[in-house]
K.L.:
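Structure provided below as structure tokens; questions to follow.
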Amino acid sequence: MNHRCCLTALGVYTPEHILSNNDLCALVDTSDEWITSRTGIRFRRKMADTETTSDMAVAAARQALERASLQVSDITHIIVGTCTPEKLCPSVASLTAGKLGAGHCMAFDFNAACSGYLYGLSICRGLLLAEPQARILLICAEAMSRRMNWSDRSTCVLFGDGAAACVLSADANAPLAVLRDVLCAGDGSLGRLITFGGGTEHVRNVGDPIGEDYFLQMQGREVFKHAVRRMADICQEALSRNGLSIDDVDVLVPHQANMRIIEAVGDRLHIAPEKVFTNVADYGNTSAASVPLALDDALGKGAILPGQRVLCTSFGAGLTWSAALMEF
Ligand code: COA
């Protein structure tokens with residue numbers, strides 16, 4: 001059996017509308033200086049009112065399929081990582097499959113929040129072991145703007161919308177990258193630190209108002225500490241169980257949540273800052289889409305080159321965190 005998990009191609013989509021820090025000053029009491037110095041974020045994308053999570057997923061998937069020279073009929077599974085689905089049912093994956101005309105392929109969503117992409121790689125690696133013929137579209141799509149409390153300055157400045165997709169298979173001839181290892185972890189006892197509602201927690205009746213808990217709420221300081229510690233630790237674990245050191249890593253692609261978190265993770269890992277790819281300034285935190293959007297951006301800018309070893313890491317609500325080693 002072929003044990004490879006190959007990334008054939010990536011595709012991305014970000015909404016056209018750019019929201020700058022100055023735009024946010026019109027909504028909440030904040031400043032470009034505060035946001036930039038505390039987070040490194042300058043811009044984020046905001047989807048149109050008519051756009052949905054699956055619209056973004058479809059756009060990213062189409063680009064990935066085109067770059068992989070595949071038809072949607074070649075795809076056996078569509079798996080979507082999202083914490084901002086447009087409906088609880090049907091899944092974004094099913095809606096995406098319908099819009100793509102994917103026929104009878106297996107389709108489902110999972111929610112690992114900002115760790116979605118790496119958790120998704122872990123799921124797909126397992127699937128490819130069981131079904132080596134599978135050709136999987138793994139998509140991460142997030143409509144974060146729909147769950148922002150636009151009067152909460154401590155959270156609404158941090159997030160952005162976007163989607164990224166990749167095709168994964170066991171047998172690609174000239175893969176874009178090979179997944180060497182992926183580790184996923186979490187701590188459900190800390191779930192209260194990042195939440196948003198809108199599920200079945202409360203009994204509701206037609207016409208009931210939505211409460212503040214529908215929107216994202218976060219204990220920023222606590223999250224910051226966990227994010228730094230957990231991402232640095234799981235990166236170390238991924239390296240050591242593969243007999244590697246940080247010097248063997250050409251590029252670190254961390255979750256793009258916050259520049260200060262990224263710098264602190266880099267410091268803990270003792271990796272040279274020039275090896276750390278960031279685009280948080282342009283997109284903010286796009287949750288599950290953040291790592292694959294950054295990978296695509298890094299490839300486009302020549303910051304990841306063929307033959308290079310890339311370490312990815314992510315952290316998010318749950319809490320969840322993860323690390324993956326890839327060879328491009
Ligand atoms: N503009 C201006 N002031 C703001 C602000 C904003 N956008 N957001 C918060 N503040 C204020 C607070 O109201 C507070 O004011 P006060 O002292 O008068 O009460 C002050 O800034 C400090 O707030 P605090 O929350 O302690 O700031 P901080 O230094 O921890 O920075 C975050 C806030 C959110 C930037 C920081 O905690 C963080 O990055 N956390 C991680 C968040 C994250 O990335 N989560 C996603 C992980 S997947």
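Numbering of ligands and ligand atoms starts at 1, following listing order. None of the values given here were measured: they were computed from a predicted structure.
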K.L.:
Is there at least one protein heavy-atom neighbour under 4.0 Å from atom 21 (O) of ligand 1?
P.N.:
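Yes, there is a protein heavy atom closer to it than 4.0 Å.
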K.L.:
Taking only heavy atoms of A257, which atoms of ligand 1 are found under 4.0 Å from at least one of them?
P.N.:
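The atoms of ligand 1 under 4.0 Å from a heavy atom of A257 are 44 (O).
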K.L.:
Report the nearest protein non-hydrogen atom to atom 35 (C) of ligand 1: residue, atom name, distance rounded to 0.1 Å.
P.N.:
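Closest protein heavy atom to atom 35 (C) of ligand 1: T39 CG2, 3.9 Å.
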K.L.:
For V223, counting its heavy atoms only, list the atoms of ligand 1 lying under 4.0 Å from any of them.
P.N.:
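So the atoms of ligand 1 that pass are 45 (N), 47 (C).
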K.L.:
At less than 4.0 angstrom from any non-hydrogen atom of T30, what atoms of ligand 1 do you find?
P.N.:
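So the answer, numbered in order with elements, is 1 (N), 2 (C), 6 (C), 7 (N).
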K.L.:
For the side chain of Q256 and the backbone of V280, is there at least one donor-acceptor N/O pair under 3.5 Å apart?
P.N.:
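Indeed, once roles are kept as given, a pair shorter than 3.5 Å links the two residues.
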K.L.:
Taking D233 first and then R229, would you say they form a salt bridge - that is, a charged N and a carboxylate O separated by under 4.0 Å?
P.N.:
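No, this pair does not count.
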K.L.:
Among all the protein's heavy atoms, is there at least one whose distance to atom 44 (O) of ligand 1 comes out below 4.0 Å?
P.N.:
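Under 4.0 Å from atom 44 (O) of ligand 1, at least one protein heavy atom found.
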K.L.:
With sequence neighbours excluded, what pairs up with R67 under the salt bridge (charged side-chain N to carboxylate O under 4.0 Å, His left out) test?
P.N.:
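R67 satisfies salt bridge (charged side-chain N to carboxylate O under 4.0 Å, His left out) with D296 only.
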K.L.:
Does atom CG of L88 have more than 12 heavy-atom neighbours from other groups under 6.0 Å away?
P.N.:
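Not more than 12 within 6.0 Å, no.
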K.L.:
Same hydrophobic cluster for L118 and I136, using side-chain heavy-atom links shorter than 4.5 Å among ILVMFWY?
P.N.:
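Hydrophobic grouping puts L118 with I136.
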K.L.:
Would you verify that at least one protein heavy atom lies under 4.0 Å from atom 27 (O) of ligand 1, or report that none does?
P.N.:
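There is a protein heavy atom less than 4.0 Å from atom 27 (O) of ligand 1.
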K.L.:
Hydrophobic clusters join Ile, Leu, Val, Met, Phe, Trp and Tyr when side-chain heavy atoms are under 4.5 Å apart, directly or via other members; which others share one with L293?
P.N.:
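V12, all in the cluster of L293.
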K.L.:
Can you list the atoms of ligand 1 that are under 4.0 Å from a heavy atom of R38?
P.N.:
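Listed by number with element, the hits are 27 (O), 28 (P), 29 (O), 31 (O).
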K.L.:
Is S31 close to ligand 1, meaning an N/O of one under 3.5 Å from an N/O of the other?
P.N.:
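No, since none of the N or O atoms of S31 sits under 3.5 Å from an N or O of ligand 1.
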K.L.:
Hey, looking at atom 10 (N) of ligand 1, which of W34, F224, F159 has the closest heavy atom?
P.N.:
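The residue whose heavy atom sits nearest atom 10 (N) of ligand 1 is W34.
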K.L.:
With heavy-atom distances below 4.0 Å as the criterion, list the atoms of ligand 1 near F315.
P.N.:
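Counting atoms of ligand 1 from 1, those under 4.0 Å from F315 are 48 (S).
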K.L.:
Counting only heavy atoms not in D208, do more than 12 sit closer than 6.0 Å to its CG atom?
P.N.:
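Enclosed: over 12 neighbouring heavy atoms sit under 6.0 Å from CG of D208.
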K.L.:
Check for me whether R45 meets the cation-pi criterion with Y283, that is, NZ or CZ under 6.0 Å from the six-membered ring centre and within 45 degrees of the ring axis.
P.N.:
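Not flagged: R45 not positioned over aromatic ring of Y283.
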K.L.:
Please confirm whether G220 comes within less than 3.5 Å of ligand 1 when only nitrogen or oxygen atoms on both sides are compared.
P.N.:
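Checking ligand 1 against G220, an N or O pair does fall under 3.5 Å apart.
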K.L.:
Closest non-hydrogen protein atom to atom 24 (P) of ligand 1, residue and atom name please, with distance?
P.N.:
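Checked against all protein heavy atoms, atom 24 (P) of ligand 1 sits closest to R221 NE, 4.0 Å.
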K.L.:
Measure the distance from atom 34 (C) of ligand 1 to every protein heavy atom, then report the residue, atom name and distance (to 0.1 Å) of the closest one.
P.N.:
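That would be S154 O, 3.9 Å.
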K.L.:
Check ligand 1 against I261 and write out every atom of the ligand that is under 4.0 Å from a heavy-atom position of the residue.
P.N.:
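Matching atoms, with element in brackets: 41 (C), 44 (O).
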K.L.:
Taking distance alone, with no angle check, do R153 and ligand 1 share an N/O pair under 3.5 Å?
P.N.:
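There is such a contact, yes.
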K.L.:
Could you tell me, atom by atom, which parts of ligand 1 come under 4.0 Å of a heavy atom of N285?
P.N.:
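In order of numbering, the contacting atoms are 46 (C), 48 (S).
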K.L.:
How long is the span from the CG atom in L137 to the SG atom in C124, to the nearest 0.5 Å?
P.N.:
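Answer rounded to 0.5 Å: 9.5 Å.
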K.L.:
From atom 5 (C) of ligand 1, is the closest protein heavy-atom distance below 4.0 Å?
P.N.:
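Yes, there is one.
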K.L.:
Are the side chain of N242 and the backbone N or O of L244 linked by a donor-acceptor pair below 3.5 Å?
P.N.:
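Looks like no, no N/O pair under 3.5 Å.
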K.L.:
Please state which protein non-hydrogen atom is closest to atom 39 (O) of ligand 1 and give its distance, to 0.1 Å?
P.N.:
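That would be N258 ND2, 2.5 Å.
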K.L.:
Given the rule that I, L, V, M, F, W and Y join up when any side-chain heavy atoms are under 4.5 Å apart, are L183 and L269 in one cluster?
P.N.:
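Shared cluster, yes.
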K.L.:
Which of the atoms of ligand 1 are close to H255, meaning less than 4.0 Å from one of its heavy atoms?
P.N.:
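Checking each atom against H255, I get 48 (S).
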K.L.:
Could you tell me whether ligand 1 has any atom less than 4.0 Å away from a heavy atom of C114?
P.N.:
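Contact present.
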K.L.:
Answer yes or no: is there an ion pair linking D161 with R146, defined by an N-O contact shorter than 4.0 Å?
P.N.:
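Salt bridge: no.
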K.L.:
Around Q219, counting heavy atoms of other residues, nucleotides and ligands shown, do more than 12 lie under 6.0 Å from its CD?
P.N.:
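Counting other residues, nucleotides and ligands, CD of Q219 exceeds 12 neighbours.
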K.L.:
Provide, to 0.1 Å, the distance between atom 42 (C) of ligand 1 and the closest protein heavy atom, together with that atom's residue and name.
P.N.:
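I find the closest protein heavy atom is M218 CE, 3.6 Å.
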